[in-house]
Amino acid sequence: MQYFKIFDLPVSFQVDQAQLKKAFLANTRKYHPDFYTLSDEIEQAQMLDQSSTNNIAYKILSDSDKRIHYILDQKGFIAPEGTPVPLPPDFLMEMMEINEQLMELEFDPNEAALNDLKNTVQNIDTELLNSVKTELETWHEGIENEAVMLDKIKYFYFKRKYLLRIRENLSTFASA
């Protein structure tokens with residue numbers, strides 16, 4: 001996977017952030033276009049492209065959700081944009097109940113109920129993370145049950161994405 005190779009890191013859901021940052025800064029010094037102002041146009045364009053790729057790769061690998069999406073996408077576990085991911089009915093029912101509570105809070109603000117809902121969402125997020133913690137920590141390319149692990153991580157990722165939208169809605173109440 002190209003972005004991991006750029007920083008000479010193993011492909012993993014767990015990245016050593018200090019090592020990533022060190023490699024990113026080294027690449028930044030190596031590819032920064034300002035150091036190639038006297039080079040020909042082809043080399044300038046190549047360095048600009050390398051610098052841009054370095055920045056994009058760092059943004060993706062330094063963010064756990066983006067890193068998960070990147071690995072799943074590179075491994076063929078992310079369907080094309082707009083393709084629905086069938087999430088379990090019990091999860092969807094739970095999310096529907098939370099969304100109903102959000103709508104109730106919109107019409108009848110209640111700080112205690114809002115805090116309870118925030119805690120509920122946080123607990124669901126924690127449970128989700130705990131449900132794939134082992135997979136996130138132990139997965140590596142070529143592992144015996146790689147597809148099963150990646151499939152489990154994929155559902156975690158999409159459930160968490162769903163929760164993120166709910167959190168964004170919750171944050172509007174905090175700012176109101």
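Between Phe4 and Ile60 there is no side-chain heavy-atom pair separated by less than 4.5 Å. Trp139 places a side-chain heavy atom less than 4.5 Å from the side chain of Ile71.
Ile56 and Tyr31 end up in different hydrophobic clusters when Ile, Leu, Val, Met, Phe, Trp and Tyr side chains are linked at under 4.5 Å. Hydrophobic clustering (ILVMFWY, side-chain heavy atoms < 4.5 Å, transitive): Val132 and Ile143 are in one cluster. When the side chains of ILVMFWY residues are joined at heavy-atom separations under 4.5 Å, either directly or via intervening members, Val121 and Met103 end up in two distinct hydrophobic clusters. Neither Ile78 nor Leu164 shares a network with the other; the hydrophobic side chains, linked directly or stepwise wherever heavy atoms of I, L, V, M, F, W or Y lie under 4.5 Å apart, form separate groups for each. Taking hydrophobic clusters as Ile, Leu, Val, Met, Phe, Trp and Tyr residues chained together by side-chain heavy-atom distances below 4.5 Å, Val148 does not share a cluster with Phe158.
Residue Ile98 comes nearest to Thr120 through the heavy atom pair CD1-CG2, 4.3 Å, listed as atom of the first residue, atom of the second, then distance. Ile166 approaches Leu102 most closely through the heavy-atom pair CG2-CD1, 4.1 Å. Nearest heavy-atom pair across Phe13 and Leu136 is CB-O, 3.5 Å. When all heavy atoms of Tyr162 and Met95 are compared, the closest pair comes out as CE2-CB, 3.3 Å. Taking both residues in full, the closest heavy atoms of Gln19 and Asp8 are given as NE2-O, 4.3 Å, listed atom of the first, atom of the second, then distance. Nearest heavy atom pair, residue Gln17 against residue Arg67, reads NE2-NH1, 3.6 Å.
Leu114 contributes atom CG, which lies 12.0 Å from atom CD of Glu106 (distance to the nearest 0.5 angstrom). In this structure, Lys133 NZ and Leu128 CG are separated by 14.5 Å, a value rounded to the nearest 0.5 Å. Summarising the geometry, atom CD1 belonging to Ile6 is positioned 6.5 Å from atom CG belonging to Asn54; distances are rounded to the nearest 0.5 Å. Between atom CG of residue Leu25 and atom CG of residue Leu20 there is a gap of 9.5 Å, rounded to the nearest 0.5 Å. A distance of 10.5 Å separates CG of Asp34 from CG of Leu48, quoted to the nearest 0.5 Å. Atoms CD and OH, on Gln2 and Tyr70 in that order, are 6.0 Å from each other to the nearest 0.5 Å.
At distances below 3.5 Å, not a single donor-acceptor pair connects side-chain atoms of Ser51 with backbone N or O atoms of Met47. Gln50 places no side-chain N or O within donor-acceptor distance of the main-chain N or O of Gln46, the cut-off being under 3.5 Å. Side chain of Tyr157 to backbone of Leu72: no donor-acceptor contact under 3.5 angstrom is found. Of the possible polar contacts, one joining the Thr53 side chain to the Asp49 backbone as a donor-acceptor pair under 3.5 Å is found. Remark: side-chain polar atoms of Gln44 are paired, donor with acceptor, to backbone N or O of Tyr36 under 3.5 angstrom. Put simply, the side chain of Asp63 gets close to the backbone of Lys66: a donor and an acceptor are under 3.5 Å apart.
Put simply, the residue from Lys161, Arg160, Lys59 that forms a salt bridge (charged side-chain N to carboxylate O under 4.0 Å, His left out) with Asp65 is Arg160.
Atom CG of Asn119 sits in a crowded spot, with more than 12 heavy atoms from other residues, nucleotides or ligands closer than 6.0 Å. Atom CD of Glu144 has 12 or fewer neighbouring heavy atoms from other residues, nucleotides or ligands inside a 6.0 Å radius. Within 6.0 Å of CD in Glu111 there are 12 or fewer heavy atoms belonging to other residues, nucleotides or ligands.
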What verdict does the side-chain hydrogen bond (donor to acceptor under 3.5 Å, both in side chains) test give for Glu127 and Ser131, after you've listed the backbone C-alpha separation in whole Å, the side-chain angles of each residue and the deciding distance to 0.1 Å? CA-CA 6 Å; Glu127 287 174 23; Ser131 74; over 6 Å; no
Stepwise, does the side chain to side chain contact (heavy atoms under 4.5 Å, CB included) test hold for Arg167 with Asp125? CA-CA 10 Å; Arg167 281 196 168 159; Asp125 192 38; 3.5 Å; yes
Stepwise side chain to side chain contact (heavy atoms under 4.5 Å, CB included) test for Leu61 and Phe24: CA-CA 10 Å; Leu61 297 186; Phe24 167 71; over 6 Å; no
If you apply the rule side chain to side chain contact (heavy atoms under 4.5 Å, CB included), what do you find for Met149 with Thr138, and how did you get there? CA-CA 9 Å; Met149 292 175 90; Thr138 61; 3.2 Å; yes
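Tyr58 and Phe7 have perpendicular rings, their planes meeting at more than 60° on a 0 to 90° scale where under 30° would count as parallel.
For the residue pair Thr172/Glu168, the side-chain donor-acceptor check at 3.5 Å is not satisfied.
Stacking of Lys159 on the aromatic ring of Phe91 is recorded, both the 6.0 Å distance cut-off and the 45° axial limit being met.
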